[in-house]
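Comments concern the structure below.
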Amino acid sequence: MTHRIIHSIAVAIDCSPHSKASLEAAAEMAARLKAELIGIFVEDINLLHMAGLPFAEEVRLYSATTEKLDTEQLERMLRVQAQQASELLQRTAEARMLRHTFRVLRGMVPEQLMLAAPEADMLVLGRSGRSPSCRKGLGSTARTALHECKMNVMLMRPGVTAAEGPLLVLCDGSEASKRALRTALEIAGPKSTLHLLVTDPAPEAIERCKQETVAMLKGRTIEAEYYHIPFADGKQLASFIRMIDSGLVVIGEGMNLPAETLRELIDNIDYPVLVVRGE
């Protein structure tokens, strides 16, 4: 690559399983790219407002008991969680000798995350937060980040990795898909396999994608596999990606694929997803 695309990576940390997976992935990527790691913990103002209501009660997850929400107790709990998040970031970063900073903010979680690190090139967060349901679909913070964040956004979940193993790039010949391919090549490890999923229906689309990929590789030896899937249904794309066990899925914002197709794909895919913004 002629220049680095990613210099700093921000990661949302709340000590949930999804955020721990996000931190691990962000740290692995930062180590490979020699990037700075920025940890962010947000004290959710909605929780504090709720605790101040006279009728607010806490319902315990594993019993039928309830308890009056106490603002001071919630403040203490948030301080403890912030300290835990800071220590987790420090252990993770120091194990890889990474430059790192930690920030504690208070407010609406999605908005604060996006304001916290405007200089970062990527924001990494979990598909879901602390909700015990951990549903397959996106949590509200992840959805807001996808719609409103100006930096690259990577969504993680526990049990998978994004910094090692295979990567998949959606290619349709657009400038957006070329940006996604350049970013994927930057973060790919020496043993990564690159899957190129060509959605452009033109018969010559795969050959054009091969030429673009070879030109961007500049002699690097990364195994590449090409697939021509000329349809625009998000659920079908998700099913195909699961069949080839793709690893990190890299999507360029502004591709020729319909926005609804990409939203449906991100909602239905189980793998980490990186959405690459315009330069």
Between the side chains of E24 and R96, is the shortest nitrogen-to-carboxylate-oxygen separation below 4.0 Å, so that they form an ion pair?
yes

Joint hydrophobic cluster, [X] plus [Y], side-chain heavy atoms closer than 4.5 Å:
X    : Y    : value
V153 : L265 : yes
V214 : I222 : no
L194 : I6   : yes

Kindly compute the distance separating [atom1] ([X]) from [atom2] ([Y]), expressed to the nearest 0.5 Å.
X    : Y    : atom1 : atom2 : result
T144 : M108 : OG1   : CE    : 8.5 Å
I38  : R103 : CD1   : CZ    : 5.0 Å
L37  : L89  : CG    : CG    : 5.5 Å

Would you check, one step at a time, whether the test side chain to side chain contact (heavy atoms under 4.5 Å, CB included) holds for M154 with L248?
CA-CA 9 Å; M154 186 165 75; L248 176 64; 3.9 Å; yes

So, for [X] and [Y], which heavy atoms are closest and what is the spacing to 0.1 Å?
X    : Y    : value
R127 : H18  : N-ND1, 3.6 Å
V250 : A180 : CG1-O, 3.5 Å
Y271 : V249 : CB-CG2, 4.3 Å
R179 : R277 : NE-O, 3.3 Å
N256 : S174 : ND2-CB, 3.8 Å
S22  : G126 : OG-N, 3.1 Å

Step-by-step side chain to side chain contact (heavy atoms under 4.5 Å, CB included) determination, R143 to D267
CA-CA 9 Å; R143 196 174 299 278; D267 271 341; 3.3 Å; yes

Whether the side chain of S86 engages the backbone of A82 through a donor-acceptor N/O pair (distance < 3.5 Å, no angle test) should be reported.
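Checked: no pair found.
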
Any donor-acceptor pair under 3.5 Å from D121 side chain to H7 backbone:
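Checked: pair present.
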
Check against side chain to side chain contact (heavy atoms under 4.5 Å, CB included), I266 and I251
CA-CA 10 Å; I266 294 170; I251 300 170; 4.1 Å; yes

Criterion side chain to side chain contact (heavy atoms under 4.5 Å, CB included) on I45 and Q112, from CA distance to verdict
CA-CA 10 Å; I45 195 68; Q112 290 301 317; over 6 Å; no

